[in-house]
Amino acid sequence: MIVIQNVGPSSPARIRRHVLKTIAWGLLLGLMVLIYGSHAPLITLTKVDGQVPFSPSSCVVMIELFKLLISVGTLLSTGGTTALHAAPPLVCVAPYAVPAVLYALNNNLVVVMQAYMDPSSYQVLSNLKIASTALFYSLCLGKRLRPSQWSAVGLLMSAGVCHSYSSLDSDKAEPEDGPRLHITAWGLFLVVVYCCVSGLAAVYTERMLKSQKLPLSLQNLYLYGFGVAINSVSSFVAGEKGFLEGYSGVVWAIIAGQAANGLLMSVVLKHGSGITRLFVISCSMLVNAVLSWAILGLQLTSFFLIPVSMTGLAAFMYYR
């Protein structure tokens with residue numbers, strides 16, 4: 001009788017690979033949570049007299065450019081250039097322009113919406129994009145979620161609303177004729193459009209990355225090539241400050257961090273799911289709060305523990 005050792009489902013080699021893969025995913029997601037959570041505090045550190053000294057649109061262009069350059073470097077170092085010996089057909093490349101257009105549309109919607117609602121209402125209502133992403137994930141990718149997973153998504157959205165509400169500055173009373181919480185019917189419509197576009201962009205990108213059997217570095221090259229082009233046009237049309245005006249070490253750190261996060265998110269969408277992205281963004285509230293307390297001196301209240309606990313419970317319900 002021939003006995004073949006260590007090839008069963010619980011062989012040491014397979015267990016070792018599973019453990020290493022789990023650790024790698026944990027480190028990747030932890031790094032993403034750290035970068036997401038540090039974004040807002042770092043933006044605050046750049047402010048001069050309460051104003052951001054650089055052009056946000058130029059910052060987006062630089063982030064896309066960093067991602068493009070890293071993608072090119074990765075493609076060259078891994079020998080993926082063999083896929084470029086022949087010009088890729090337009091039908092394969094054109095779909096990568098869609099996410100860039102959708103995200104550029106959303107960036108402009110954020111600005112337009114401020115005229116039809118107060119910032120606090122936007123902060124709370126924008127959490128609806130969690131539900132829209134899950135809905136598109138189920139409809140467009142054919143992923144059927146269990147009832148417990150839908151409950152987890154609802155709990156995650158509620159955690160976002162609670163966190164947004166807890167961060168509102170309720171201690172500063174507004175004068176009688178000062179600004180108040182408000183939202184118009186047009187503003188509510190724009191919020192719905194914003195959340196739908198956000199969810200559609202994430203799900204479309206995931207479907208595109210998974211459907212084409214191309215190296216991820218090559219897909220990123222197409223994706224961020226269009227990102228640089230479309231956002232450069234948007235920055236030129238905006239006609240804000242000088243392109244690199246007001247840039248500091250902290251601004252470059254933000255650009256590097258967001259570029260790294262975008263590339264890591266491509267890995268998640270290619271090999272994981274868009275729902276994981278939602279949990280990463282929600283979990284970053286803890287890092288955001290701790291850094292805001294440590295760096296900016298903001299005070300945390302006991303109410304903050306509620307959305308954190310809700311996020312933890314939602315993750316347990318979804319992935320159990």
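Quantities reported herein were computed from a predicted structural model and do not represent experimental measurements. The figures that follow rest on heavy atoms only: side chains count, while hydrogens, waters and symmetry mates do not.
Although no hydrogens or angles enter the test, the distance criterion places a donor-acceptor pair under 3.5 Å between the side chain of Q219 and the main chain of L209. Between the Y204 side chain and the L102 main chain, no donor and acceptor come within less than 3.5 Å of each other. In terms of modelled atom types and a separation under 3.5 Å, the side chain of S282 and the main chain of L156 share no donor-acceptor contact. Between the side chain of R207 and the backbone N or O of L141 there is no donor-acceptor pair closer than 3.5 Å. Listed for the Q149 side chain is a donor-acceptor partner under 3.5 Å among the backbone atoms of R146. At least one donor-acceptor pair closer than 3.5 Å links the side chain of S266 to the backbone N or O of G262. Distance alone, capped at 3.5 Å, is enough to place a donor-acceptor pair between the S211 side chain and the M208 backbone.
Residues L109 and V193 come closest through the heavy atom pair CD1-CG1, 3.9 Å. Listed here is the closest heavy atom pair of R320 and S148: NH2-CB, 4.0 Å. Of all heavy-atom pairs spanning T133 and G199, the tightest one is OG1-CA, 3.3 Å. Residue I275 comes nearest to A134 through the heavy atom pair CD1-CA, 4.0 Å, listed as atom of the first residue, atom of the second, then distance. Scanning all heavy atoms of the two residues, the minimum distance from S57 to S55 falls at OG-OG, 3.0 Å. Summarising the geometry of A256 relative to F66, their closest heavy-atom pair is CA-CD2, 4.4 Å, with the distance given to 0.1 Å.
Grouping the Ile, Leu, Val, Met, Phe, Trp and Tyr side chains by contacts below 4.5 angstrom, directly or via other members, places V98 apart from V101. Linking Ile, Leu, Val, Met, Phe, Trp and Tyr residues whenever their side-chain heavy atoms come within less than 4.5 Å places L269 and I281 in a single cluster. In this structure, L76 is a member of the same hydrophobic cluster as Y224, with clusters built from ILVMFWY side-chain heavy atoms closer than 4.5 Å. Note on L244: it does not cluster hydrophobically with V60, by side-chain heavy-atom contacts below 4.5 Å among ILVMFWY residues. No path of Ile, Leu, Val, Met, Phe, Trp and Tyr side chains, each step under 4.5 Å between heavy atoms, connects L105 with V192, placing them in separate hydrophobic clusters.
The line from OG of S71 to CG of L223 is 8.5 Å long, rounded to the nearest 0.5 Å. Separation of atoms SG (C283) and CG (N288) is listed at 13.0 Å; rounding is to 0.5 Å. To the nearest 0.5 Å, atoms CZ (R277) and CG (L264) are separated by 14.0 Å. Within the model, atoms CG of L45 and CG of L291 stand 9.5 Å from one another, a figure rounded to the nearest 0.5 Å. Atom CG of L128 is separated from atom CG of L135 by 12.0 Å, given to the nearest 0.5 angstrom. Taking CG from N220 and CG from L75, the interatomic distance works out to 10.0 Å, rounded to the nearest 0.5 Å.
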Listing, residues 304-315 side-chain donor-acceptor contacts under 3.5 Å, not counting sequence neighbours, or none:
unit_1 : atom_1 : unit_2 : atom_2 : d
S309   : OG     : L305   : O      : 2.8
T311   : OG1    : P307   : O      : 2.9

What donor-acceptor contacts under 3.5 angstrom involve side-chain atoms of residues 22-43, with partners at least two apart or in another chain?
unit_1 : atom_1 : unit_2 : atom_2 : d
T22    : OG1    : H18    : O      : 2.8
S38    : OG     : L34    : O      : 3.1
S38    : OG     : I35    : O      : 3.0
H39    : ND1    : Q258   : NE2    : 3.3

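S132 and Y194 share no donor-acceptor pair across their side chains, judged by distance under 3.5 Å alone. In summary, the side chains of T276 and Y319 do present a donor paired with an acceptor at a separation below 3.5 Å, with no hydrogens or angles considered. For the residue pair Y247 and S58, a side-chain donor N or O sits within less than 3.5 Å of a side-chain acceptor on the partner.
Within the 4.5 Å cutoff, no side-chain heavy atoms of Y103 are placed close to those of S198. Residues S138 and R144 have side chains not in contact (no heavy-atom distance under 4.5 Å, counting atoms from C-beta outward). Between E64 and L68 the shortest side-chain heavy-atom distance does not fall below 4.5 Å. Side-chain contact between F136 and C196 is present, with heavy atoms from C-beta onward closer than 4.5 Å. In this structure the side chain of Q212 never reaches within 4.5 angstrom of the side chain of Y222, judged on heavy atoms. For the pair L145 and Y137, the minimum side-chain heavy-atom distance is below 4.5 Å. Residues C195 and V191 are in side-chain contact: their nearest non-hydrogen atoms beyond the backbone lie under 4.5 Å apart. Between I254 and T46 there is a side-chain heavy-atom pair separated by less than 4.5 Å.
More than 12 heavy-atom neighbours from other residues, nucleotides or ligands sit within 6.0 angstrom of NZ on K210.
Scanning for side-chain hydrogen bond (donor to acceptor under 3.5 Å, both in side chains) contacts around N231 gives an empty result, with sequence neighbours left out.
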Item to check | Verdict with supporting geometry, V93 and F226, side-chain contact (heavy atoms from CB on, under 4.5 Å) | outcome: CA-CA 10 Å; V93 178; F226 282 114; 3.7 Å; yes
